[in-house]
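Below is one structure, written out as C-alpha cells, with a few remarks after it.
Per chain, numbering begins at 1; letters A, B, ... match sequence-line order.
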Amino acid sequence: MLQQTQVATVIPYFERWMALFPDPAALARAPEEKVLRAWAGLGYYARARNLQKAARVLAEGGAWPADTAGWKALPGIGEYTAGAVASLAFGTRAPILDGNVARVFSRLVGLDFLPGDKAEAGRAYWDLAARWADHARPGAVNEALMELGALVCVPAAPRCPACPLSAVCVARRDGRENRLPPLKKRVKAEVVLAAAVRVRDARGRLLVERRGAGAFLAGHEMFPLFLGDEARAETWQAAFHRRFPGLRLKNIRAAGRVRHSIMSKRYDVQVWDGEAAGSGSFPGPIWTREEDVEERLTNSLARKIWKAGNR
DNA sequence: AAAACGGGGCT
DNA sequence: AGCCCAGTTTT
C-alpha cells in the first residue's frame, strides 16, 4: 500500500485490510472482488492483485522468505520493497531507496540527477544506500532516512533548521536545497472527453459493465463509459446502442460533470441519467441494485460518477 | 529505456 | 486549477 502512496492515506485502508485479511492464507482464498473493494480508492490496482498473488505463494510455501532475494521474487515486490521488508522486519543489512531517501541523498551529497536518469545514476544512489544500511541496526537507519525525507527533507521548502544532517549537507552548504533533486520530466496531461451513463431498468437497478482486459481500470465494474469522439452529446447514444444492442433509452438527461486525473490523462466526464425501455440482448448484463452499487464500484472514478449531480 | 498504471497533497 | 509525488511490471 505504501508504494506511491503516503502513510496518512494508507492508514485507514490498512486497518480495514488487516481486519479483512489477517494473514496470507486469508488473502489467498479471498475472491478478487473482495480484494479490489478493500483497495478501491487507493489506485494502482495491480498492487492489490500482486499482493494476493504473493499471498498465494506464501500460503502455499508456508514460510516467510529469509532474505532480500526471496522477497523480491514475489509478485509486486521490487528492489525497494524487498529491502524495506528485509531490513525493517528481519534486521538484515539490506539497502533501500525510495523517493524520500533519493531526495535526502541528492541534497546530502549534492547529486544533481535522479536514480532513474540512467544506470550509473541508479548505481550511485544504491551504493550510498548500501553504505547507510551497513549498520548494526539497518532497519532503524533505513526508517530514519525515509522519515527524514517524508517529514523534514520534503520536496518543497525543506525544513533544514530541524534537520540533524544540515551541518554536513552539500545542498544546504551551497544554498541549493530548493534546487535539488532536479524535477522529473513529466508529460503534460492530455484532456480526454468522456461520457458516463447511469441507466436504470424498470425495477430501479443500474446497468454496470466489467471493463475488459487492456482497457484502463481493467477488471473493474463501471457505468457504461464512452471516450473521445464517442463521448460527445450527439454521439454517445449511438455508441451505447452498438455496445448494448436492443437496449433502448428514454428520459435521458444530463446529471452532472466529473473530472478525474489518471496518470497523464485528465478525464472530463459528462454524466447522463436514463431509463431502459427494452431488455436488450447484449452479453453479460450486470444489473445492480442501487443499494449494492456503492460496494461494487471498485475505483474512484466510478464512485465520483455515482455521486455526481442528482439521482 | 520507456511506457503503463491512480489518486492525493500542496499552493 | 495547476503542479508535484512515498514503485513495479511490461514492452
Strictly below 4.0 Å: does A:Arg103 bring a side-chain N or O up to OP1 or OP2 of C:dA6?
yes
Determine the interatomic distance between C1' on C:dT8 and the same-named atom on B:dG9; round to the nearest Å.
22 Å
Closer to the 5' end of DNA chain C via nearest nucleotide, is it A:Asn50 or A:Val7?
A:Val7
Taking any heavy-atom pair under 4.0 Å as a contact, classify A:Val101: base, sugar-phosphate, or nothing.
nothing
Go through A:Asn142 and A:His135 one step at a time and tell me if the side chain to side chain contact (heavy atoms under 4.5 Å, CB included) criterion holds.
CA-CA 10 Å; A:Asn142 285 341; A:His135 185 277; over 6 Å; no
Tell me: CZ of A:Arg47 to P of C:dT10, nearest whole Å?
16 Å
Looking at every strand, decide which applies to A:Ala119 at a 4.0 Å heavy-atom threshold: base, sugar-phosphate, or nothing.
sugar-phosphate
Can A:Arg16 be said to sit on top of A:Tyr13's aromatic six-ring, NZ or CZ under 6.0 Å from centre and within 45° of the ring axis?
yes
When you measure from the side chain of A:Thr5, which nucleotide among C:dT8, B:dG6, C:dC5 comes out closest?
B:dG6
Work out how far the C1' atom of B:dG8 is from that of C:dT9, and round it to whole angstrom.
23 Å
Ignoring hydrogens and angles, state whether a donor on the side chain of A:Arg47 or A:Thr5 is under 3.5 Å from an acceptor on the partner side chain.
yes
What distance, rounded to whole Å, do you find between the two P atoms, one in C:dT11 and one in B:dG6?
15 Å
Tabulate atom names and distances for all N/O pairs under 3.5 angstrom spanning the protein and nucleotides 7-11 of chain B.
residue: B:dG7; atom: OP1; partner: A:Tyr45; partner atom: OH; Å: 2.3
residue: B:dG7; atom: OP1; partner: A:Ser300; partner atom: N; Å: 3.1
residue: B:dG7; atom: OP2; partner: A:His260; partner atom: NE2; Å: 2.7
residue: B:dG7; atom: O3'; partner: A:Gly41; partner atom: O; Å: 3.0
residue: B:dG7; atom: N7; partner: A:Ser261; partner atom: O; Å: 3.3

Output the rounded distance in Å from CG (A:Asp98) to P (C:dT8).
9 Å
Could you check whether any side-chain heavy atom of A:Glu79 comes within less than 4.5 Å of a side-chain heavy atom of A:Lys72, counting everything from C-beta outward?
yes
Here the distance between atom C1' of B:dG6 and atom CZ of A:Arg211, to the nearest Å, is 14 Å
In whole angstrom, give me the gap between the C1' atoms of C:dC5 and B:dC5.
15 Å
Nearest-Å distance, CG (A:Leu183) to P (C:dC4)?
5 Å
Take atom NZ of A:Lys184 and atom P of B:dA1, then tell me their distance rounded to the nearest Å.
16 Å
May I ask you to verify if any side-chain N or O of A:Arg186 is less than 4.0 angstrom from the OP1 or OP2 atom of C:dC5?
yes
Taking the six-membered ring of A:Phe216 as reference, does the cationic atom of A:Arg211 (NZ for Lys, CZ for Arg) lie under 6.0 Å from its centre and within 45° of its axis?
yes
What's the CZ-P distance between A:Arg259 and C:dC3, to the nearest Å?
16 Å
Measuring from atom CZ of A:Phe90 to atom CG of A:Asp67, what distance do you get when rounded to the nearest 0.5 angstrom?
10.0 Å
Please confirm whether the shortest side-chain N or O distance from A:Lys265 to OP1 or OP2 of B:dA3 is below 4.0 Å.
no
Pick the closest DNA chain B nucleotide for A:Asp117 and for A:Ala215 by heavy atoms, then say which residue is nearer the 5' end.
A:Asp117
5' precedence on DNA chain C between A:Ala150 and A:Lys188 (nearest-nucleotide basis)
A:Lys188
A:Glu230 side chain near A:Arg243 side chain, heavy-atom distance below 4.5 Å
yes
Using atom types as modelled and distance alone, determine if a side-chain donor or acceptor of A:Arg198 lies under 3.5 Å from a backbone N or O of A:Trp306.
yes
Whole angstroms only, please: what is the CD-P distance between A:Gln3 and C:dA6?
14 Å
Hey, does A:Ser264 reach any base, or is it just sugar-phosphate, or nothing, if we go heavy atoms under 4.0 Å?
nothing
Rounded to whole Å, please give me the gap between CZ in A:Arg266 and P in B:dC5.
19 Å
